[in-house]
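Here is the structure we will look at.
All residue numbers refer to positions in the sequence shown, counting from 1. Both counts, for ligands and for their atoms, begin at 1 and track the order of listing.
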Amino acid sequence: MNYKYIYGPVASRRLGKSLGIAPITNNLCNFGCVYCQLGQTHYIPNEQIEHFKTDEIIAEIEAVLKNPPAFDMISIVGDGEPILHSGLKDIIARIKSLTNKPLALITNGSLLYRDDVIDAIQEVDILLPSLDAYNDSTFKRINRPFGGLAFNKIVQGLEKASRHFKGKIWLEIMFLKGYNDDEVAIANFKNILQNIRYERLYLNTPVRPTREKNMLKIDAKKMDYIQKELGGIPIDFLSKEVYMGVGDNIMESLIALIKRHPLHYHEIVGFLKDKSIDNYKTVIEELDAHEDIVTAQYHGFTMYQYKKR
Ligand code: SF4
């Protein structure tokens with residue numbers, strides 16, 4: 001059986017072997033980040049509605065957890081922004097009733113300023129919000145929010161989560177060359193971070209194709225400088241992730257992963273070897289010819305991406 005809302009497990013550096021749940025699919029998001037790996041997102045308003053049936057999502061989760069693959073953690077993430085799903089509280093509660101594994105939520109943090117949203121996510125063990133901008137103009141330039149969402153709401157939300165969210169907070173900043181990596185930016189981040197509680201700070205920079213072309217990663221020297229100024233953990237420039245799909249059909253599992261996350265050639269080979277697929281070259285040829293997949297060269301690697309429609 002292949003699934004619409006569940007993928008992986010994905011072995012990631014931040015979350016271990018993580019089973020992904022995407023309650024929002026189809027690239028629906030209230031941001032249009034320049035570095036988004038999903039490519040073109042479809043804007044949706046800054047309000048929670050039941051974009052996809054909560055019962056359908058829960059039925060898939062129940063089906064997978066009846067006979068689960070090996071995994072360390074469940075992560076609610078998405079083909080879009082998961083916090084915009086109005087059934088999130090219910091989904092979280094049901095997952096917690098089905099497994100003792102830790103539950104993580106990856107979010108752009110746009111609605112954390114709201115009491116009801118903090119209440120909805122309270123049972124999550126690890127919250128992974130993003131903070132990529134340091135003022136309103138960088139927020140509009142990098143994250144390109146829908147409607148009138150102001151940058152101070154993002155900071156307010158992170159401060160509110162710091163005080164009221166009971167789980168751990170692993171904050172991530174995506175550094176983009178020429179956008180948020182100069183001395184002024186770092187000094188501003190330093191000030192903002194003083195008022196936010198976090199157990200971990202991840203320093204990231206793009207290593208995969210991004211929505212806007214020519215989004216440049218910062219170099220190792222700049223990352224060292226930022227790390228000295230802000231502390232935190234730089235995420236390695238090259239992916240070391242391995243993928244293990246939950247579906248039975250290898251090609252469909254691969255397509256489901258690539259749809260959410262462009263993959264390097266060597267990651268696909270790793271996935272196939274993990275599945276003990278001996279004829280992996282044949283599978284890659286099939287992937288090369290697949291109508292939904294395109295390849296591109298990115299920083300010297302062949303990347304497999306889902307074709308934009
Ligand atoms: S990176 Fe995340 S928050 Fe930004 S547009 Fe893509 S899905 Fe939305």
Looking only at heavy atoms, the pair that brings S18 and L15 closest together is CB-CB, 3.9 Å
| request: Specify whether the nearest protein heavy atom to atom 5 (S) of ligand 1 is under 4.0 angstrom away. | output: yes
So CG of N26 and OG1 of T41: to nearest 0.5 Å the spacing works out to 12.0 Å
Side-chain polar contacts of residues 174-187 - donor-acceptor pairs under 3.5 angstrom, sequence neighbours left out - could you list them?
| unit_1 | atom_1 | unit_2 | atom_2 | d |
| --- | --- | --- | --- | --- |
| N180 | OD1 | L176 | N | 2.7 |
| N180 | ND2 | D132 | O | 2.8 |
| N180 | ND2 | M174 | O | 2.8 |
| D181 | OD1 | G178 | N | 3.0 |
| D181 | OD2 | K222 | NZ | 3.3 |
| D182 | OD1 | V184 | N | 3.3 |
| D182 | OD1 | A185 | N | 2.8 |

Within a distance under 2.8 Å of atom 4 (Fe) of ligand 1, the protein atoms of type N, O or S are C33 SG
*Determine the interplanar angle of the Y202 and W170 rings, folded into 0 to 90°, and report it as parallel if under 30°, tilted if 30 to 60°, perpendicular if over 60°.*
perpendicular
Does K259 qualify as a cation-pi partner of Y306, given the criterion of NZ or CZ under 6.0 Å from the six-membered ring centre and within 45 degrees of its axis? yes
Nearest heavy-atom contact between L149 and S110 is CD2-CB, 3.7 Å
